[in-house]
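All remarks here apply to the structure that follows.
Proteins come first, then strands; the chains are lettered A, B, ... in the order of their sequence lines, and each starts at number 1.
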2 protein chains.
Amino acid sequence: MTRAEQRQRTEQRIVAAARQLFGEQGYERTTIRAIAAAADSDAGLVMRYFGSKEKLFAQAAAIPSDGPIEGSPGEIAGQLTSALSAKLADEPTAALAALRAMFSHPEAAAEVRAAMTAQQRQVADQLTGEDAVRRAGVIGALTLGLVIGRHLVRLDGLDASPDELTELVEPLIRDLCGADGSSDRAGSRA
Amino acid sequence: MTRAEQRQRTEQRIVAAARQLFGEQGYERTTIRAIAAAADSDAGLVMRYFGSKEKLFAQAAAIPSDGPIEGSPGEIAGQLTSALSAKLADEPTAALAALRAMFSHPEAAAEVRAAMTAQQRQVADQLTGEDAVRRAGVIGALTLGLVIGRHLVRLDGLDASPDELTELVEPLIRDLCGADGSSDRAGSRA
DNA sequence: CATTTCAGTCAACACACGTAGACTGAAATG
DNA sequence: CATTTCAGTCTACGTGTGTTGACTGAAATG
């Protein structure tokens, strides 16, 4: 096995171990030594390859962005719903690491905020009404709550299949997008 | 000033400082020394009064429970909405400390899970339908996402007034409670 | 084959943390 | 007033951390 290959594999093992441990225990409780051990490697090597714990975290906890979101309110609702469904289906390890760490680690918080803000802005720009930003915010909050509630907190009832949950949530998202029959939305009681 | 008074005031200052710092920085990043300094006190004294960092945290991050939730689906929706509204209005410092810490501190996670599970069970017990637990879970996730999104992550759009947000969220909660006109709920597309 | 490069290992540093214990002076007690 | 109690302060210990740098042996290079 060539030297470059060997190095690449080791780096990958380290990043994978870091992702898992950061995701399970958060930033502060995860030590370089533990990561190195889990990757069958050495703390000094981790430092040499990634420079610092901070940089390793940044690399391990980068959040993959969802695709672009566009179209009519109904289409937007559909795209949001299926993006949510994907996040419920498998454990998004990298995102979980960022999510878990964000509450005690400002840089991780910025990462999550950036990822969510980008998506919300896409949504808000294409919804009509003066409260579009607010509605996009509630959609973001709902998504955030579901992902955290399912993967991190393991709330009662959120261990259902992704399909069962999506079925329940989809009408809410459609409502918030204003994708229902008439042109003005729900607030039937206000 | 009597000695008992003096002690009580000092303990209160310490708990208040602990609540704030735990809420701002999480469990691990908050040091006994920093708490003592913020309370104009001494680390050794904090130890003597509270025994350990762990015990101080438990006292500072105890989550006050909402009142009982009961009645028809419509009433339940109303109670949930006003409880949510309260959580959006002022910063629930103790709960924020627990919320922020829960992601890196297992004991805090248990605290939050217990508080939320208790409320969800109350709701699920009084809703009809086989998916009651799931619906209560989604309500919990929505609440969690809104509180975290507003106070911890400061998501776009969630900085609106509590009334504006409540107005937007209430129909969703009513829907999840099955409080709408007809007896079977939304899922018009399923 | 001789030399250089570099992945991997090991030991050690400086620092910050939770925690323990000795000490001081004023309030409580008789 | 003499004694005890105790709030508050200071110093120090042990431990675990991120990080550094020296060392080793095999792969790369000429």
Side-chain angles (χ1 to χ4, degrees), chain A residues 1-61 97 100-101 103-108, chain B residues 1-61 97 100-101 103-108:
Chain A
M1 181 183 310
T2 157
R3 200 133 79 170
E5 282 175 349
Q6 183 63 21
R7 159 140 192 181
Q8 201 179 3
R9 288 189 196 190
T10 302
E11 283 193 8
Q12 279 174 354
R13 283 205 322 277
I14 292 173
V15 170
R19 242 196 280 276
Q20 171 153 357
L21 290 178
F22 281 135
E24 284 174 6
Q25 318 180 349
Y27 182 83
E28 349 278 338
R29 284 175 111 89
T30 302
T31 68
I32 297 265
R33 285 173 171 85
I35 293 172
D40 249 317
S41 181
D42 176 89
L45 205 61
V46 173
M47 291 302 299
R48 206 165 71 221
Y49 286 172
F50 296 92
S52 70
K53 183 182 182 182
E54 194 69 41
K55 288 177 187 165
L56 171 58
F57 176 80
Q59 188 151 337
R100 174 158 259 142
F103 296 94
S104 63
H105 196 62
E107 316 246 350
Chain B
M1 180 181 310
T2 158
R3 201 134 78 171
E5 284 175 346
Q6 183 62 23
R7 161 141 189 180
Q8 202 179 2
R9 289 189 195 190
T10 303
E11 282 193 8
Q12 278 173 356
R13 283 206 319 277
I14 293 172
V15 171
R19 240 196 281 276
Q20 171 153 0
L21 290 179
F22 281 136
E24 285 174 5
Q25 316 179 348
Y27 182 82
E28 349 277 339
R29 285 174 111 87
T30 301
T31 69
I32 298 266
R33 284 170 170 86
I35 293 171
D40 249 317
S41 180
D42 176 90
L45 205 61
V46 174
M47 292 301 299
R48 187 129 63 79
Y49 287 170
F50 296 91
S52 69
K53 182 182 182 181
E54 195 69 43
K55 288 177 186 164
L56 172 58
F57 176 80
Q59 189 151 334
R100 189 176 293 259
F103 297 94
S104 63
H105 195 60
E107 317 246 349

Among all residues two or more places apart in sequence or in another chain, which pass the ring-ring contact (aromatic ring centres under 6.0 Å, His included) test with B:Tyr27?
B:Phe22, B:Phe57, B:His105
Side chains of B:Ser104 and B:Arg29: does their closest heavy-atom pair fall under 4.5 Å?
no
Can you tell me the distance, in whole Å, between the CE atom of B:Met1 and the P atom of C:dA28?
11 Å
Can you check each nucleotide of nucleotides 6-18 of chain C against protein heavy atoms at under 4.0 Å and return B for base, S for sugar-phosphate only, - for none, in 5' to 3' order?
BBBBB-B----BB
When you measure from the side chain of A:Arg100 to the backbone of A:Gly26, do you find a donor-acceptor pair of N or O atoms at a distance under 3.5 Å?
no
Note: B:Leu56 and B:Val46 closest approach over all heavy atoms is CD2-CG1, 3.8 Å
Using salt bridge (Lys or Arg N to Asp or Glu O under 4.0 Å) as the criterion, list what pairs up with B:Arg7, not counting sequence neighbours.
B:Glu11
Looking at residues at least two apart in the chain, or sitting in another chain, which of them share a side-chain hydrogen bond (donor to acceptor under 3.5 Å, both in side chains) with A:Gln8?
none
Going by the side chain to side chain donor-acceptor pair (under 3.5 Å) test, which pairs reach into residues 33-49 of chain A, not counting sequence neighbours?
none
How about B:Met47 and B:Lys53: do any of their side-chain heavy atoms sit closer than 4.5 Å?
no
How far does the helix from C:dC1-D:dG30 to C:dG30-D:dC1 bend, going by the axes of its first and last five pairs, to the nearest 10°?
10°
